[in-house]
Amino acid sequence: MPTNDHLIKAVQVATRKLASSGNFDLLMKDVLAICVEAVGATGGTIYLHEPSTHRLRFQHVFPERIASLLPFRDIADDFGMSGNAFQERKTIIRSFEPKPETDWNPFEKATGVPVLSMVATPLMMEDETPIGVVQLLNKSAGSFNDTDADVLDIIAAVATMAYMNYRLTEESARASTLLGMGKVSHDIGNLAASLYATLSFSDLAMHGLQEHLKRQAQDDIVKMYIDSLEPMFGDLKSSVDRIVGYSRLISDMSAGRELRPNRRIADLRSVIESSAAT
């Protein structure tokens, strides 16, 4: 098969795999294998970017046995050739002259694999921020060329689109979960309100019973029960109030509304004691 036909075939395989549903991590592993085969590389790495730390994290390494030998699990997003490709948002190709082992970089020393040729392509769609980098090493025949770069650009764009779809699916699933939580919290709030009404009626009955018993002769045990009723009802009311508050909080979160804190001056010690008791 001519070289260009082989590369086109690789793009078609990558597109079919990434368009299918499945675990994104496994799909990215397949993409790396496709890239390695398409351009005749002997190894490679897919990095995913972590914006909060400005790091490129090793997502997959080929061959897999090399992964355990790597001296680091991530690199700065401006480090080395992969960092350059990420920052400049373009594919970079380089070739290197053979050098003695004493001059090998930390990755070469750790893996025992000298780097003679390398290509790094940002995982991105046009005019978008890259989500990572695919880096391939040591073309088996000759050096990486512009045709290799073109096919890697296409596969990278398809992989990025698959990543975006994966994230959208995740966010949609979370939104559905929050919506379900909102409905449940609404039911909990209604049940708690009903319980609170029952407690309020019971509170009236309890006070009437207390007044009646106080007018009767009573021993110490009866007095103990009477004295314990009021704080017990107070704890029940407080617990129901908290349930109602939590149901409103969950409802607001699920609906995307701003939280409505009810601030008031209080004794911090009693708040801690109440929380610990609950």
Side-chain angles (χ1 to χ4, degrees), residues 7 10 14 23-124 128-160 162-163:
L7 296 178
N23 182 282
F24 174 76
D25 185 62
L26 295 179
L27 290 177
M28 292 298 283
K29 185 177 180 180
D30 287 340
V31 168
L32 177 58
I34 291 168
C35 290
V36 168
E37 182 181 357
V39 300
T42 60
T45 304
I46 275 190
Y47 304 86
L48 285 185
H49 186 237
E50 296 180 341
S52 61
T53 58
H54 302 288
R55 308 288 291 181
L56 290 169
R57 175 173 50 83
F58 291 78
Q59 184 74 7
H60 286 293
V61 178
F62 182 88
E64 292 185 16
R65 60 178 176 79
I66 297 295
S68 61
L69 303 177
L70 295 174
F72 318 111
R73 299 308 304 171
D74 61 7
I75 59 174
D77 63 11
D78 60 355
F79 176 80
M81 188 168 156
S82 293
N84 288 341
F86 179 84
Q87 296 293 338
E88 295 180 19
R89 302 186 181 185
K90 67 179 183 180
T91 296
I92 298 176
I93 298 174
R94 288 180 187 164
S95 296
F96 307 92
E97 294 295 329
K99 55 189 176 184
E101 292 188 21
T102 54
D103 294 336
W104 284 4
N105 64 43
F107 286 95
E108 292 174 313
K109 291 178 180 178
T111 61
V113 178
V115 178
L116 301 177
S117 59
M118 183 185 297
V119 57
T121 300
L123 293 169
M124 61 178 292
E128 296 289 338
T129 301
I131 63 168
V133 177
V134 57
Q135 174 183 281
L136 304 178
L137 306 175
N138 298 342
K139 189 176 176 71
S140 57
S143 300
F144 296 112
N145 53 45
D146 291 340
T147 303
D148 297 329
D150 289 340
V151 73
L152 290 176
D153 285 340
I154 295 171
I155 295 175
V158 176
T160 303
Y163 176 81

Side-chain contact test, heavy atoms from C-beta onward, threshold under 4.5 Å: evaluate it for Val151 versus Thr147 and give yes or no.
no
Taken in chain and number order and not counting sequence neighbours, the residues that satisfy salt bridge (Lys or Arg N to Asp or Glu O under 4.0 Å) with Asp77 are none
Point-to-point distance, once rounded to the nearest 0.5 Å, from CD1 of Ile92 to CZ of Phe86:
12.5 Å
Kindly give the heavy-atom pair with the smallest separation between Trp104 and Glu108, and that separation in Å.
CA-OE1, 3.2 Å
Validation: residues 132-143 side-chain donor-acceptor distances under 3.5 Å, sequence neighbours left out:
{"unit_1": "Gln135", "atom_1": "OE1", "unit_2": "Ser82", "atom_2": "OG", "d": "2.2"}
{"unit_1": "Asn138", "atom_1": "OD1", "unit_2": "Leu116", "atom_2": "N", "d": "2.7"}
{"unit_1": "Asn138", "atom_1": "OD1", "unit_2": "Ser117", "atom_2": "N", "d": "3.3"}
{"unit_1": "Asn138", "atom_1": "ND2", "unit_2": "Pro114", "atom_2": "O", "d": "2.9"}
{"unit_1": "Lys139", "atom_1": "NZ", "unit_2": "Val39", "atom_2": "O", "d": "2.6"}
{"unit_1": "Lys139", "atom_1": "NZ", "unit_2": "Asp148", "atom_2": "OD2", "d": "3.2"}
{"unit_1": "Ser140", "atom_1": "OG", "unit_2": "Gly40", "atom_2": "O", "d": "3.0"}
{"unit_1": "Ser143", "atom_1": "OG", "unit_2": "Ser95", "atom_2": "OG", "d": "3.4"}

Would you mind reporting whether Ile75 and Phe58 have side-chain heavy atoms less than 4.5 Å apart?
yes
Spatial distance of atom CD1 (Ile46) from atom CG (Leu56) [nearest 0.5 Å]
12.0 Å
side-chain contact (heavy atoms from CB on, under 4.5 Å) for Arg94 and Asn84? Distances and angles first, verdict last.
CA-CA 12 Å; Arg94 288 180 187 164; Asn84 288 341; 3.5 Å; yes
Where Leu48 and Met28 come nearest, the two heavy atoms and their spacing:
CD2-CE, 4.2 Å
Tell me the closest heavy-atom pair linking Val36 and Gly44, and the distance in Å.
CG2-N, 4.4 Å
List the steps and the verdict of side-chain contact (heavy atoms from CB on, under 4.5 Å) for Thr121 and Asp153.
CA-CA 7 Å; Thr121 300; Asp153 285 340; 3.3 Å; yes
Whether over 12 other heavy atoms sit under 6.0 Å from Lys109 NZ
yes
Please lay out, stage by stage, how Thr45 and Phe107 fare under the test side-chain contact (heavy atoms from CB on, under 4.5 Å).
CA-CA 12 Å; Thr45 304; Phe107 286 95; over 6 Å; no
Between atom OH of Tyr47 and atom CZ of Phe79, what is the distance when rounded to the nearest 0.5 Å?
8.5 Å
Between Arg73 and Ala67 the two heavy atoms that sit nearest each other are NH1-O, 3.0 Å
Minimal non-hydrogen separation, His60 against Leu32, with atom names
O-CD2, 3.6 Å
Looking at Asp103, I want to see if its CG is surrounded by more than 12 non-hydrogen atoms of other residues, nucleotides or ligands under 6.0 Å.
yes
Looking at Arg55, His49, Arg57, which hits side-chain hydrogen bond (donor to acceptor under 3.5 Å, both in side chains) with Asp74?
Arg55
Closest approach of Ala149 to Ile93 (non-hydrogen atoms, all atoms of both residues)
CB-CD1, 4.0 Å
Do any N or O atoms from the side chain of Thr160 and from the backbone of Met124 form a donor-acceptor pair under 3.5 angstrom?
yes
